[in-house]
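Taking it in order: structure first as structure tokens, then the write-up.
For clarity, every value in this text was computed on a predicted model and none was experimentally measured. To find a chain, count down the sequence lines: A is the first, B the second, and so on, and within it residues start at 1.
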2 protein chains.
Amino acid sequence: MMKEEELLKSHISKHNLKVTKERSLVLRVFLDSEPHITAEELYRKMKNDGSSIGLATIYRTLNLFCESGLAEQRQFGDGQARYELVYNVKHHDHLICKQCSRIIEFENQEIEALQEKVAKKNNFKIFSHKLELYGICGNCSEKNDQ
Amino acid sequence: MMKEEELLKSHISKHNLKVTKERSLVLRVFLDSEPHITAEELYRKMKNDGSSIGLATIYRTLNLFCESGLAEQRQFGDGQARYELVYNVKHHDHLICKQCSRIIEFENQEIEALQEKVAKKNNFKIFSHKLELYGICGNCSEKNDQ
DNA sequence: ATGATTATGATAATGAGTTGCAATTCCCTT
DNA sequence: AAGGGAATTGCAACTCATTATCATAATCAT
Ligand SMILES: [Mn+2]
Ligand SMILES: [Mn+2]
Ligand SMILES: [Zn+2]
Ligand SMILES: [Zn+2]
């Protein structure tokens, strides 16, 4: 059994929930998808694969993933929540291209340290943070110049 | 005439729009409000003051403020857009208390510089960015410990 | 295997924000 | 100052992502 499956099942049994074929299938497809997927995208993908799962169950299951610590919800400003695997995945932040919607991940330990410094100076305890850089990726820049 | 009023009127005449008493009043109340106000909050405030303005007009006017460069929209994760004056205001980022919703502003030039460095390394041109630190403010920490 | 409990899919409801529309206001032209 | 085309308003209806409801189905401890 995969580590992710174990985490989810541990959360499930701890909260008197049940392992269902829908939950198992959503997990499999979610782990096999590009990161930052929306509920709708996941729904269409599974429909295409012949599943008869309902959209409400996709939403419920993605919420369950977040509650279990497997995934996190992201808002990149396009009005739809995106979900990303965070269990056993190194923390990172995002560059988002406004033109082609490409998402580039990066990590910068100096920034992380400075955030803590800012928090301390303001007598603030950080639980989570959001750092998103919006602009134009290299690909799109080239295309625009041509 | 205030600088903000001038900017708005300049945008208005440049786009064949019209100065209306509604727009002037919304501007006055907006500038007189705490920063990071929601459309609904502004609406209630004006209703309380005896105005008969419609909520749709508030939304339309706040959008106009954003298009003119007077204000910007923020999303602090509570499901409602907040609007902030940015004209003649120094750029800053935000600490958001999850418990009391207090918003603390900060600026950190080192972080800004590192963002540019990250962008350059990824061949990316930054137009805007969002840095939000979520957690618990000093006030709430104290209260929680008592 | 049984039954209590939880999950599911279909559908309705929610809530922030937008839009269509008829009535009103603005403001340029005379 | 008056006329009139264009923009704006308030209201209500709409959109769209997400959640709630509910009758039926699946899960799992016994
Ligand atoms: Mn990511
Ligand atoms: Mn601010
Ligand atoms: Zn791009
Ligand atoms: Zn607080």
About how many Å separate NE2 of His36(A) and NE2 of His94(A), when rounded to the nearest 0.5 Å? 3.0 Å
Separation between CD1 (Ile103(A)) and SG (Cys137(A)), nearest 0.5 Å, reads 11.5 Å
If you walk 5' to 3' along DNA chain C, what is the first nucleotide with an atom under 4.0 Å of a heavy atom in chain B, and what is the last? dA16(C) to dC27(C)
Reading 5' to 3' through nucleotides 24-30 of chain D, protein heavy-atom contacts under 4.0 Å coded B for base, S for sugar-phosphate only, - for none: --SBS--
To the nearest angstrom, the CG-P distance between Asn16(B) and dG5(D) comes to 17 Å
Using a 4.0 Å heavy-atom cut-off to protein, can you give one letter per nucleotide of nucleotides 11-22 of chain D, 5' to 3': B if the base is in contact, S if only the sugar-phosphate is, - if neither? B-----SSBBB-
Are His91(A) and Glu112(A) close enough that a side-chain donor and a side-chain acceptor fall under 3.5 Å? yes
Cluster question for you: counting only ILVMFWY and a side-chain heavy-atom cut-off of under 4.5 Å, with indirect links fine, are Val118(A) and Leu133(A) together? yes
How long is the gap from CD on Gln109(B) to CG on Leu114(A), to the nearest 0.5 Å? 11.5 Å
Trace of the side chain to side chain donor-acceptor pair (under 3.5 Å) decision for His92(B) with Glu107(B): CA-CA 5 Å; His92(B) 58 261; Glu107(B) 42 172 325; over 6 Å; no
Run Glu40(B) and Arg44(B) through salt bridge (charged side-chain N to carboxylate O under 4.0 Å, His left out) and show every step you take. CA-CA 6 Å; Glu40(B) 191 73 34; Arg44(B) 296 221 175 288; 3.1 Å; yes
Are Tyr87(B) and Val19(B) grouped together when hydrophobic residues (ILVMFWY) are joined by side-chain heavy atoms under 4.5 angstrom apart? yes
Test of ring centre spacing under 6.0 Å for Phe65(B) and Phe30(B): yes
Is there a path of hydrophobic side-chain contacts, each under 4.5 Å between heavy atoms of I, L, V, M, F, W or Y residues, that connects Ile111(A) with Ile126(A)? yes
